[in-house]
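As the structure lists them, so they are numbered: ligands from 1, and atoms in each ligand from 1. Since the structure is predicted, the reported quantities are computational estimates derived from the model, not experimental observations.
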Amino acid sequence: MTDNAMIYEILLITLTSAFIRASTDNCPVMECWFVQEKPGRGGFSAPVTQEKSLMYIRTNSDDASITQSSPPADIDPSRVYYVTDPAASFCRVPLHPPEGSVQKPQCEINPFLPQPSMVRWAASLTESGQSPIHLQADWFSVAAQGLDGQLVMSSIMRAPSGSKESQVILSISSRTAAVRSRLGEQVMLDCGFWVDPSSPLTGSGFSVEWRYQFRGEGRLVLAYDGKNDWLADTTETGTALDFSALHETGNASLILEEAQVRHSGTYICTVYLPNLLAQVALDLEVVEPPSLSIFLSPLPLIVPGQAVSVQCEASGFVPLSLELGWEFVGADGQSRSLGQGSMSGHKQASDGTYSQSSRLELDSARLGLGRGGEVTCVVKHTGGTRKAKVTLNVIGVSAPSIEDSMAMVAVALGLYGLIKVFSWTFSSTGSSNGDTKDKKEKLP
Ligand SMILES: *[C@@H]1O[C@H](CO)[C@@H](O)[C@H](O)[C@H]1NC(C)=O
């Protein structure tokens, strides 16, 4: 009887504590891959091992509940970590999708080796040359990525040698892992960091660096030595960083004042503490949909059997690829596709944007355009779909209608006016008169 009561009591306590844990911590556990180079083989492409690993997270080191959790059997007990994360960086919603989600956040743990940084803007952090006892521990870096580019983060953790209980010392994150911008807009590349206030490293200075990388090419965008309040020279212009926010709240967000095509690429935000560094990478894509112009030649008015050509030019767009198609809506309201026409190659303007055009030959008889209608150029681009249209009149199909006759009169009058203007302006040039006469002769 007493045994049973005790079992119930234990059960009740377990359930209550599980409930409390679930309600106070929305990040009790994180699945990660533990990745490290195979020992004893250095070199450029050293093979790596990858093991399943688990992090139990708590925000308060007094909370003992996580150390009583029993990890699943398929995970090596030495790859289970009990992490104290006072800033709750690992508890953010994008890292914990709802139960049953197909997509999973990514997480990777690597052994980390504290060492003085070689870059000029971080050299002052370790110039005293001391190697404090604090560094003699097991260090890890954890990189995690939430779903849909909502969050990227990286943390440096310290565990007393041989212990499984580690403490987050430095954390860096960005809420804009994937940014899209139109040309000319202001872009904010979010980056913020946190340092454990109880760590001896707090108050011994930090440095921030922003690098740009695209297809193997890189450049320094901004480098700031926060210890000496010194900004390194870079060739980059049009960037801004709020230095007071950086010192006060660790907000290292970079502002690009005006997005240009050359800004597309990966940005790496790095924070240096003495002997430590953590970084996150963000992708910026500058996307501009095309502007369209459409031309019809020779005239928006043809007789059955006559051919006319329509040209659609898409310009000022980036990135390169687009899908162009022609559509025709007849007088009957029926819409149909006329294919993609003959596409030109693309050209790149000095601002890096592209242009490309398509020409479509329309033969009123062969295509069965009836009495005409609207010819539309439809361009699909990652920046959006754009359309441009012209009206085409085919005249003299069956008996001319009132509109046809009126259109003919209008065109005749127009041509008459043109001829007048030409003959006034170029009364000595015979050829221009000849041209307009040609057109006139084509009219029925
Ligand atoms: C960081 O600073 C930028 C501007 O410099 C601002 O837009 C952003 O909201 C700030 N982030 C936080 C978390 O305060």
Side-chain angles (χ1 to χ4, degrees), residues 26-27 57 59 85-96 105 121-122 142-156 168-197 199 202-203 205-212 219-260 262-273 277-287:
N26 59 354
C27 54
I57 317 280
T59 51
D85 175 23
S89 317
F90 287 115
C91 311
R92 309 245 202 117
V93 173
L95 294 179
H96 301 279
W121 41 95
V142 183
Q145 184 162 16
L147 303 180
D148 309 324
Q150 294 171 73
L151 177 72
V152 279
M153 62 166 293
S154 172
S155 289
I156 302 294
V168 176
I169 303 294
L170 168 65
S171 219
I172 181 170
S173 65
S174 171
R175 293 165 296 155
T176 56
V179 196
R180 250 189 185 207
S181 167
R182 294 278 300 263
L183 271 185
E185 277 179 358
Q186 191 189 69
V187 183
M188 202 248 310
L189 301 172
D190 180 66
C191 178
F193 72 98
W194 173 89
V195 184
D196 175 20
S199 155
T202 293
F206 67 87
S207 296
V208 170
E209 172 195 298
W210 276 97
R211 286 192 71 79
Y212 167 86
R219 62 175 184 258
L220 183 66
V221 176
L222 184 143
Y224 176 68
D225 172 345
K227 192 174 181 186
N228 298 315
D229 191 23
W230 168 74
L231 196 59
D233 278 337
T234 61
T235 52
E236 198 76 25
T237 55
T239 58
L241 198 142
D242 182 342
F243 294 101
S244 56
L246 175 62
H247 281 274
E248 281 158 24
T249 64
N251 183 347
S253 302
L254 184 74
I255 303 282
L256 302 179
E257 275 148 18
E258 231 177 77
Q260 289 164 24
R262 65 181 189 91
H263 287 136
S264 280
T266 301
Y267 289 79
I268 301 162
C269 175
T270 308
V271 169
Y272 298 87
L273 294 187
L277 72 84
Q279 55 188 201
V280 283
L282 290 64
D283 282 316
L284 169 64
E285 192 184 14
V286 177
V287 174

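One finds the CD1 atom of I255 at 5.0 Å from the CD atom of Q186 (value rounded to the nearest 0.5 Å).
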For a distance cut-off of 3.5 Å, show me each N or O of ligand 1 paired with any protein N or O, plus the separation.
unit_1, atom_1, unit_2, atom_2, d
ligand 1, 2 (O), N251, OD1, 3.4
ligand 1, 2 (O), N251, ND2, 2.4
ligand 1, 11 (N), N251, ND2, 2.9

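The main-chain N or O of V286 is found under 3.5 Å from a side-chain atom of S264 such that the two form a donor-acceptor pair. D190 places a side-chain N or O within donor-acceptor distance of the main-chain N or O of R175, the cut-off being under 3.5 Å.
When each of V195, L246, L170 is tested with F206 by the rule side-chain contact (heavy atoms from CB on, under 4.5 Å), just one qualifies, namely L246.
Y267 and D283 share no donor-acceptor pair across their side chains, judged by distance under 3.5 Å alone. In this model, a donor atom of one side chain and an acceptor atom of the other lie less than 3.5 Å apart for S253 and N251.
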